[in-house]
Amino acid sequence: MEPIRSIKGTQDLLPQSSYRWQFAENKIKAISETYGYREIRTPVFESTQLFKRGIGELTDVVSKEMYTFDDRGGTSLTLRPEMTASVMRAWIQNNLGQEGGVQKMYYIGSMFRAENVQKGRLRQFHQWGIELVGSPAPVADAEVIMLMIRTLESFGLKSLKLKINSVGDENCRPVYKEILKDYLRPHFDQLCKTCQGRFETNPMRILDCKNETCKTLIHQAPVITDHLNDECKTHFESVKNLLTAAGIGFEIDPFLVRGLDYYTKTAFEVVSDDLGSQNAVGGGGRYDLLVEQLGGKPTPSVGFAIGIERLLIILEERKLLEDVKPKAPVLFVAAFAQPHIEAMIPIVQQLRGLGIQTEIELLGRSIKAQMREADRLGAQFVVVVGDNEMAQKSVSLKNMKTGDQQQLSFDQLVEFLSGSHE
RNA sequence: GUGGGCAUAGCUCAAUUGGUUAGAGCGCCAGAUUGUGGCUCUGGAGGCUGUGGGUUCAAUCCCCAUUGCUCACCCCA
């Protein structure tokens, strides 16, 4: 029979490496909470309409990358391709705006995009994200960026590049788009096919096209940062000043245009050379118009998302996970035969009850094999029980690091281990 | 959707212009040590060379198809 395989673009997280994820997730959660963010979980599937309205019908994500299907009642559902739209839907639906002040939320979860697979790009992948809802102030933008950078630094990542830009708001962006189109119009024929399509629908996306001729044309193009209105300009300046005050280095990239339609004012991205061609570790920005688009009251917000798989790729390439190891048992109980195992079971129960990680032989192997197993598991101590020990109602306790061995009564063993385990 | 690369033991990889029994390291199991891990030594298990077809006296090697993986284009995390 043909074995069934996992679906392309999905991955098993095996016990051999899950501790790395736990390490990353624990750190992320701890830091998010230090900054006052609380976890939000939302369903992995939503009404297709949510993403169409929130992300934008013309974006690549919505137009060609969504896992969409009809449920039995004929409703169109979609596996979430990102979570900001879901979080804002939940925020509106549960009237979180009524609580006053801002809502600071984080999430870690699976996202789904039906794309071709390559390095750092899967069909089911995971994001850590932050949403700071309800503040129009530049300090909110700065806070989420500080949180993002601090977190990456806490993993030991130093030389990642932070790129920021302002993409304007509903007043100055349309004006800039016209200026850009006026500049590009005489060169329309030289643009690549996709950019010719973008010319009317989303001219700003031409700015980050990687086609060579498009790039040379764009090089001389008017940049949005020269055409921001006073409000956006002041906001952008404040964000930059705050980042400088926070000691965070950044690079202004007037060609940074993110692929989701909801961004306003600040947009930012962190890139790394370790990722191959999909070089974005994470990115985000301000989305002051999204809540209205989803049927809520105007609510200025800012957030970001980081790809966990990509983060782990970088950590691995830079050898920053070498010291991260799975938890090893404190004690391995090696027994000769069934009666010895029976005699040890109450002790094992007691030790585990005390939170001491304890293993007992499950295969009835030779003592030699059991010792090898204990060593492989990295156990600090091994207890050996046989007829000799049973006769004296005791155990032999071996320290695996020093090789020392001593005879202990059952009570002494429990007392010793509750004092000496780490 | 489009292109390139790869597919041999559990893992990482060899195998001469096509030539006899497809090898190594690591890992696994066992013994040396009949009640004790690591280090060392010895032995062992483990392969339809991804699948199907073709060329040939002969195919892991050449050709075609197919599946899977991977990298890249577009876009994104």
Side-chain angles (χ1 to χ4, degrees), chain A residues 2-9 11 14 16 55-56 58-66 80-84 108-129 148 192-195 197-198 202 205-206 208-212 214 256-260 269-272 275-284 304-314 332 334-337 340 361 363 365-390 395-405:
Chain A
E2 276 289 299
I4 295 172
R5 302 180 51 86
S6 62
I7 301 301
K8 188 191 193 74
Q11 273 182 344
L14 302 174
Q16 287 76 359
I55 302 170
L58 296 173
T59 60
D60 283 19
V61 169
V62 171
S63 63
K64 56 182 198 192
E65 295 168 4
M66 293 207 301
R80 63 186 182 201
E82 58 107 47
M83 224 170 116
T84 300
I108 293 179
S110 294
M111 310 297 154
F112 306 85
R113 293 186 196 171
E115 302 181 272
N116 260 350
V117 176
Q118 70 190 71
K119 184 173 187 181
R121 195 173 73 183
L122 295 164
R123 291 183 175 176
Q124 178 178 4
F125 61 102
H126 298 81
Q127 286 184 332
W128 162 48
M148 176 162 91
C192 72
K193 260 194 195 139
T194 40
C195 283
R198 287 163 171 161
N202 195 348
R205 201 79 79 68
I206 300 173
D208 65 359
C209 183
K210 281 157 194 159
N211 178 290
E212 281 307 319
C214 294
L256 173 65
V257 180
R258 302 191 43 84
L260 311 177
E269 197 166 271
V270 170
V271 298
S272 163
L275 285 172
S277 142
Q278 307 304 319
N279 66 349
V281 187
F304 68 78
I306 279 198
I308 308 222
E309 282 85 356
R310 291 187 185 179
L311 172 63
L312 287 168
I313 288 173
I314 299 171
F332 186 97
F336 280 88
H340 311 123
E361 169 65 5
L363 289 173
R365 290 171 285 193
S366 69
I367 287 294
K368 188 191 187 71
Q370 294 184 47
M371 291 299 293
R372 205 170 28 237
E373 177 73 4
D375 185 55
R376 202 179 3 235
L377 293 171
Q380 290 176 55
F381 300 98
V382 173
V383 141
V384 181
V385 196
D387 289 339
N388 299 343
E389 287 79 5
M390 291 293 284
V395 298
S396 300
L397 179 75
K398 179 165 186 169
N399 181 322
M400 293 296 275
K401 205 169 275 174
T402 64
D404 295 341
Q405 193 160 316

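Naming convention: chains lettered A, B, ... in sequence-line order (proteins, then strands); numbering from 1 in each chain. What you see is a predicted model, and the numbers here were worked out from it, not measured in a lab.
For A:Q127, the listed nucleotide lying nearest its side chain is B:A77; candidates were B:A77, B:C75, B:G37. Distance from the side chain of A:R310 is smallest to B:A77 among B:C74, B:U36, B:A77. Proximity note for A:M400 (side chain, C-beta onward) versus B:G37, B:C74, B:G68: the nearest is B:G37. Distance from the side chain of A:N116 is smallest for B:G1 among the nucleotides B:C74, B:A77, B:G1.
Interface remark: the A:N388 side chain does form a donor-acceptor pair with the B:G35 base, using a distance-only criterion of under 3.5 Å. Donor-acceptor pairing under 3.5 Å, judged by distance alone, is present between the side chain of A:E389 and the base of B:G35. The base of B:C75 does not come close enough to the side chain of A:R205 for any donor and acceptor atom to sit less than 3.5 Å apart.
A sub-4.0 Å separation between OP1 or OP2 of B:C69 and a side-chain N or O of A:K8 is present. Applying the 4.0 Å criterion to OP1 and OP2 of B:C71, one finds that A:Q118 has every side-chain N and O outside that range.
Taking both residues in full, the closest heavy atoms of A:F332 and A:A379 are given as CB-CB, 4.1 Å, listed atom of the first, atom of the second, then distance.
Both geometric conditions, a ring-centre gap below 5.5 Å and a plane tilt below 30°, are fulfilled for A:F125 over the base of B:A77.
Nucleotide B:C13 has B:G23 as its partner under the Watson-Crick or G-U criteria, with both atom distances under 3.5 Å. The partner of B:C6, taking Watson-Crick or G-U wobble pairs whose two distances both stay under 3.5 Å, is B:G68. Pair check for B:U55 finds none; no Watson-Crick or G-U wobble contact set falls under 3.5 Å. Taking a pair to require two hydrogen-bonding distances under 3.5 Å in either a Watson-Crick or a G-U wobble arrangement, B:A30 pairs with B:U42. In a base pair of the Watson-Crick type (N1 to N3 plus N6-O4 or O6-N4) or a G-U wobble (N1-O2 and O6-N3), with each distance short of 3.5 Å, B:C61 is matched with no nucleotide.
Going from atom NZ of A:K119 over to atom P of B:C73 covers 13 Å, rounded to whole Å. The distance from atom CD of A:E65 to atom C1' of B:G1 is 12 Å, rounded to the nearest whole Å. Atom-to-atom, CG of A:N279 to P of B:A77 comes out at 12 Å; the value is rounded to the nearest Å. Following rounding to the nearest Å, A:L275 (CG) and B:A72 (P) show an atom-to-atom distance of 10 Å. When rounded to the nearest whole Å, the span between NE2 of A:H340 and P of B:U36 equals 15 Å. Atom CZ of A:R258 and atom P of B:C75 are 13 Å apart (whole Å). The nearest whole Å value for the distance from the CG atom in A:L14 to the C1' atom in B:C11 is 13 Å. In this entry the distance linking CG of A:D404 with P of B:G37 reads 16 Å, nearest Å.
Across B:U67 and B:G31, the matching C1' atoms stand 44 Å from one another, rounded to whole Å. With both ends at atom C1', the span from B:A58 to B:U21 equals 16 Å, rounded to whole Å. Spacing between B:U8 and B:U42 at atom P, rounded to whole Å, works out to 29 Å. Rounded to whole Å, the P atom of B:A14 lies 24 Å from the corresponding atom of B:G52. Between B:C61 and B:U56, the distance separating the two P atoms is 16 Å to the nearest Å. Taking the P atom of each, B:G23 and B:G46 are spaced 14 Å apart, rounded to whole Å. With both ends at atom P, the span from B:A59 to B:G18 equals 13 Å, rounded to whole Å. A gap of 40 Å separates the C1' atoms of B:A22 and B:U36, to the nearest Å.
Here the straight-line distance linking atom CD of A:E115 with atom CG of A:D60 works out to 8.5 Å at 0.5 Å rounding. Atom CD1 of A:I308 sits about 5.0 Å away from atom CD1 of A:I108, to the nearest 0.5 Å.
Under a 3.5 Å cut-off, the side chain of A:Q124 and the backbone N or O of A:G9 do not form any donor-acceptor pair. With A:R80 contributing its side chain and A:S110 its backbone, the two residues share a donor-acceptor pair below 3.5 Å. Under a 3.5 Å cut-off, the side chain of A:E82 and the backbone N or O of A:M111 do not form any donor-acceptor pair. A:R121 places a side-chain N or O within 3.5 Å of a backbone atom of A:N116 that can act as its donor or acceptor partner.
With the nearest nucleotide of RNA chain B identified for both A:R5 and A:E309, A:R5 has the one nearer the 5' end. Take the nearest nucleotide of RNA chain B for A:D375 and for A:G9: the residue whose nucleotide is more 5' is A:D375.
With A:R310 as the fixed residue, the side chain to side chain contact (heavy atoms under 4.5 Å, CB included) test singles out one of A:V270, A:L122, A:L275: A:L275.
Among the atoms of the strands shown, base atoms are found under 4.0 Å from some heavy atom of A:E115. Across all strands, A:V382 comes closer than 4.0 Å to no nucleic acid atom at all (heavy-atom distances). Residue A:I308 is out of contact with every strand shown, counting any heavy-atom pair closer than 4.0 Å. Residue contacts shown for A:E269 are absent, as no nucleic acid heavy atom lies under 4.0 Å away. If you check every strand for non-hydrogen atoms under 4.0 Å, A:D60 touches sugar and phosphate atoms only. Among the heavy atoms of the strands lying under 4.0 Å from A:Q405 is at least one base atom, whether or not backbone atoms are also near. Across all strands shown, A:G403 has heavy atoms under 4.0 Å from base atoms, whether or not it also approaches the sugar-phosphate. Among the atoms of the strands shown, base atoms are found under 4.0 Å from some heavy atom of A:R121.
Counting heavy atoms from C-beta on, the side chains of A:V382 and A:M371 come closer than 4.5 Å. Using a 4.5 Å heavy-atom threshold, the side chains of A:E309 and A:H126 count as touching.
Counting only residues at least two apart or in different chains, salt bridge (charged side-chain N to carboxylate O under 4.0 Å, His left out) contacts with residues 374-385 of chain A comprise A:E373-A:R376.
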Please enumerate all protein N or O atoms sitting under 3.5 Å from an N or O of nucleotides 25-32 of chain B, with distances to 0.1 Å.
{"from": "B:C28", "atom 1": "OP1", "to": "A:R376", "atom 2": "NH1", "distance (Å)": "2.4"}
{"from": "B:A30", "atom 1": "OP2", "to": "A:R372", "atom 2": "NH2", "distance (Å)": "2.6"}

